[in-house]
Amino acid sequence: MDVSQNDGKMEGWLYIIRSNRFGLKFLRKRYFILRENYLKCFKTRPISQEEKPLRSANIDSYIRITDTGRESINRKVFFIFTLYNTLKDNDQLKLGASSSEDAGKWIRSLQTAVVKECPNPEKEFMSFSKKNWPPSRFGSSKRADSKRSVGYYPFLQNEAVTSDVIAPSTWKIFGCQNGLRLFKEAKDWDSRGRLWDDHPAIMAVGVVNGTPEAIFRALISLGASRSEWDFCFYRGSVVEHLDGHTDIIHKKLYSNWLPWGMSRRDLLLRRYWRREEDGTYVILYHSVIHKKCPPQKGYVRACLKSGGYVITPVNQGRESLVKHMLAIDWKFWKVYLRPPSARSITIRMLERIAALRELFRAKAGNYSSDFGSSDSSLKTMLPQAEMEAIESENKSQHKFEQNADLKGNEAEKINSGRRSLMSLNDTSDEFFDFPDVNEDIDFDLSDNGWFPEKSQEQPASHICQHRLSSAAVFVKKLHDLAVQKKGYMDLQDWATGEPSTFLIRGENYLKDNQKIRAEGSLMQMVGADWLRSDHREDDLGGRPESIIQKYAAQGRPEFFFVINMQIPGAAQYTLALYYMLRTPLEETPLLHSFVHGDDAFRNSRFKLIPYISKGSWIVKQSVGKKACLIGQALKMQCFRGKNYLELDIDVGSSTVARGVASLVLGYLNNLVIEMAFVIQGNDELELPEILLGTCRLSNLDVSKAVLV
């Protein structure tokens with residue numbers, strides 16, 4: 001490991017990444033030390049505290065840190081993160097770490113320094129990678145070493161460790177195989193877990209004796225090392241590199257593990273990964289269509305509807321709990337074959353986790369010879385009726401499916417012909433969700449370039465909305481009139497979410513780090529807009545036709561809070577949520593400080609708690625259920641009026657958020673999205689926290705976004 005962290009000090013080797021005038025990237029290895037809010041750069045590791053750095057910079061509240069992901073530079077993979085100044089777009093510093101774990105530690109330490117420091121827009125760090133630094137931008141070594149009376153806030157260390165949503169589990173255990181617990185996703189109509197979909201979501205869970213970082217590297221690899229544990233995998237390649245967290249990959253599978261007579265399968269997948277602050281890795285896949293990789297002779301292209309891995313550290317990070325989920329259509333002739341055969345193949349593929357576990361056991365030196373590697377040693381504990389159906393289907397499989405290419409030597413030995421990882425040039429090639437054969441797709445509705453899978457879940461029209469206060473009802477009616485006059489369409493598929501679903505900081509959080517159920521919210525949701533345009537729609541509350549302005553003209557005392565989420569896609573989508581404060585602003589000191597404070601204060605306090613209550617597993621994993629300080633992750637612009645405050649959130653300002661938004665848009669009309677907003681409490685006077693407001697958005701439709 002290239003970093004060390006103790007007593008609020010972070011230090012280690014990083015790479016400064018720059019581009020020359022020809023656009024070629026080059027590296028400079030430097031030793032960095034972060035103490036309090038000062039970042040120092042040395043050519044070699046300093047031997048004393050008196051040694052002067054090559055360069056130093058103040059990390060203040062105008063600095064943002066973004067996780068740029070994996071990138072290959074000079075044939076070596078780095079995990080990149082970028083520091084930039086929100087006051088100057090060209091003021092950036094790009095750094096690379098040798099591992100995702102090291103990059104995560106640096107990002108976390110830098111974010112802590114940002115929150116602790118008071119705003120100071122004069123301090124910039126753009127010239128970290130330049131030869132000469134203007135003296136007005138950076139403090140001297142003497143100043144950098146000076147002590148500061150800055151209190152320490154522990155919230156960044158514990159905020160993302162646990163879920164901030166109380167949600168029932170949708171997974172039911174149905175068996176155990178090779179030391180792996182097997183679960184199926186239960187639907188609302190399948191409360192007893194007895195029924196199966198044609199392509200059910202099945203999850204295998206097991207403990208692997210390895211760190212999350214090591215397991216992540218094994219799972220993300222498409223090279224020869226994968227043959228040590230993945231008995232399904234023949235060869236793979238990267239078709240297109242989209243960004244540091246997302247790419248398009250092609251996998252060819254062996255056929256010797258498939259039922260006799262079954263054609264070879266391949267998969268074309270969109271792969272996305274991220275690392276959580278608690279060390280958990282999430283890798284997500286789903287099938288796509290890409291013109292650079294059409295269906296290939298000798299292979300039947302299977303459709304992975306949803307799948308991936310969640311790798312969570314346990315036992316102080318020495319071991320990992322690995323969850324592997326697959327919902328896959330193997331493209332059988334459905335008229336002849338029953339679902340148990342497809343399920344047996346999916347379960348067999350999930351057994352790769354057992355192979356991965358044995359590999360890490362062998363590497364750790366505690367491998368037991370009692371575990372054989374032959375197929376005859378694989379014992380099952382599935383229900384007997386299920387096993388009989390599977391065996392019957394496997395025996396009759398070859399009678400109904402033609403072997404597409406048996407001339408290709410079934411042994412298919414791994415050799416030097418295996419493709420290495422590579423990225424093709426960034427182009428504007430389009431890629432789309434893999435359409436289901438039974439699915440009618442309206443191409444006009446897919447403005448974001450993805451075709452969502454058809455959900456079996458029914459729209460959540462049964463969800464009842466909370467009763468609005470009389471003032472809120474009046475405001476909602478006025479809002480409806482205003483949007484009709486403007487031509488906007490008021491979003492009708494919204495409701496106030498249940499506050500008790502969300503967890504917030506309790507009164508003694510600073511002592512015990514315990515969160516409690518929210519009991520209510522300060523504001524009442526009174527409306528929502530779902531818009532589409534070719535540019536960002538800023539300051540909706542300040543427009544003359546806005547209901548907020550009409551309300552202000554009447555001299556009414558109510559205060560409004562607008563959350564404007566600007567979502568990139570084929571067009572620019574805008575989701576605006578309107579809230580009204582029930583009591584005078586002065587009666588809530590923290591909210592009063594938030595409204596009248598500066599951008600630095602708002603960026604360090606405004607939190608979103610997301611929750612996908614209904615939807616695909618891959619979307620739920622992408623979004624998560626953890627609170628996020630929006631201003632630390634995304635660009636957030638504030639507009640203040642006489643009777644309102646509007647926060648415009650640029651979702652496209654982060655590559656990670658942009659990738660998640662793209663995925664969510666593809667499944668949007670099959671989702672129920674719940675959100676809660678809260679101002680973070682950092683001292684005893686600000687605790688317990690109180691939700692600003694909640695919302696529930698059901699089955700939104702991209703085609704119904706009103707063109708502005």
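On a predicted model such as this, the values are computed, not experimentally measured, just so you know.
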Closest heavy-atom contact between [X] and [Y]?
X: Ile548; Y: Asn643; value: O-ND2, 3.2 Å
X: Met525; Y: Ala495; value: SD-O, 4.1 Å
X: Leu663; Y: Ser622; value: CD2-OG, 2.9 Å
X: Ser100; Y: Arg275; value: OG-CD, 3.3 Å
X: Val672; Y: Ser698; value: CG1-OG, 4.1 Å
X: Phe81; Y: Thr68; value: CA-OG1, 3.9 Å

Exercise for review: Identify, with sequence neighbours excluded, every residue that meets side chain to side chain contact (heavy atoms under 4.5 Å, CB included) alongside Asp650.
Suggested key: Arg536, Gln566, Lys635, Ser653

**Study point:** Test side chain to side chain contact (heavy atoms under 4.5 Å, CB included) applied to Asp534 - qualifying residues, sequence neighbours left out
**Key:** none

**Study point:** Non-neighbouring partners of Glu686 that pass salt bridge (charged side-chain N to carboxylate O under 4.0 Å, His left out), sequence neighbours left out
**Key:** Arg605

Point to revise | Pairing residues for Arg274 by the salt bridge (charged side-chain N to carboxylate O under 4.0 Å, His left out) criterion, not counting sequence neighbours | key: Glu276

Does any non-hydrogen side-chain atom of [Y] lie less than 4.5 Å from one of [X]?
X: Met675; Y: Ile563; result: no
X: Ile516; Y: Ile504; result: yes
X: Ile567; Y: Val664; result: no
X: Pro544; Y: Gln549; result: no
X: Glu689; Y: Gln680; result: yes
X: Lys511; Y: Glu684; result: yes

Applying side-chain hydrogen bond (donor to acceptor under 3.5 Å, both in side chains), name anything that partners [X], two or more places apart in sequence or on another chain.
X: Arg30; value: none
X: Thr246; value: Asp243
X: Ser109; value: Gln5
X: Thr574; value: none

What's the spacing between [X] [atom1] and [Y] [atom2] if we round to 0.5 Å?
X: Glu646; Y: Leu540; atom1: CD; atom2: CG; result: 5.0 Å
X: Phe42; Y: Glu11; atom1: CZ; atom2: CD; result: 9.0 Å
X: Met636; Y: Asn564; atom1: CE; atom2: CG; result: 12.0 Å
X: Met523; Y: Thr583; atom1: CE; atom2: OG1; result: 8.5 Å
X: Ile59; Y: Leu34; atom1: CD1; atom2: CG; result: 7.0 Å
X: Thr655; Y: Ile80; atom1: OG1; atom2: CD1; result: 11.5 Å

Practice item. Report the C-alpha distance between Phe559 and Val595 in whole Å, list the side-chain angles of each, state the deciding distance to 0.1 Å, and finish with yes or no for side chain to side chain contact (heavy atoms under 4.5 Å, CB included). Key: CA-CA 11 Å; Phe559 187 84; Val595 171; 3.8 Å; yes

Residue list, ring pair (Phe, Tyr, Trp, His ring centres under 6.0 Å) with [X], at least two apart or on another chain:
X: Tyr611; result: none
X: Tyr31; result: Trp13
X: Phe677; result: Phe606
X: Phe601; result: none

Exercise for review: Could you check Ile166 against Ser500 for side chain to side chain contact (heavy atoms under 4.5 Å, CB included), going step by step and ending with a plain yes or no?
Suggested key: CA-CA 8 Å; Ile166 299 175; Ser500 62; over 6 Å; no

Exercise for review: Apply the test side chain to side chain contact (heavy atoms under 4.5 Å, CB included) to residues Ile612 and Ile673: give CA-CA distance (whole Å), side-chain angles for both, the deciding distance (0.1 Å), then the verdict.
Suggested key: CA-CA 5 Å; Ile612 305 296; Ile673 304 171; 3.8 Å; yes

Review point. Can you check side chain to side chain contact (heavy atoms under 4.5 Å, CB included) on Ser521 and Tyr579, steps first, answer last?
Key: CA-CA 11 Å; Ser521 60; Tyr579 293 89; over 6 Å; no

Check your understanding: Of Lys607, Lys625, Lys515, Lys626, which is the lone residue that meets side-chain hydrogen bond (donor to acceptor under 3.5 Å, both in side chains) with Asp164?
Key -> Lys515

Check your understanding: Does Val165 offer a backbone N or O that forms a donor-acceptor pair with the side chain of Ser163 under 3.5 Å?
Key -> yes

Review point. With distance as the sole test, does Arg602 use its side chain to make a donor-acceptor pair with the main-chain N or O of Gln637 at under 3.5 Å?
Key: no

Check your understanding: Angle class for the Phe561/Phe594 ring planes (parallel below 30°, perpendicular above 60°, tilted otherwise)?
Key -> tilted

**Study point:** NZ/NE/NH1/NH2 to OD/OE distance under 4.0 Å, Lys105 and Asp102
**Key:** no

Exercise for review: Test Thr82 against Gln92 for side-chain hydrogen bond (donor to acceptor under 3.5 Å, both in side chains), laying out the working first.
Suggested key: CA-CA 7 Å; Thr82 304; Gln92 297 185 357; 5.8 Å; no

Check your understanding: For Tyr15, which of Phe32, Trp106, Phe78 qualifies under ring-ring contact (aromatic ring centres under 6.0 Å, His included)?
Key -> Phe78

Practice item. Give a yes-or-no answer on whether the side chains of Ser546 and Tyr644 include a donor-acceptor pair shorter than 3.5 Å. Key: no

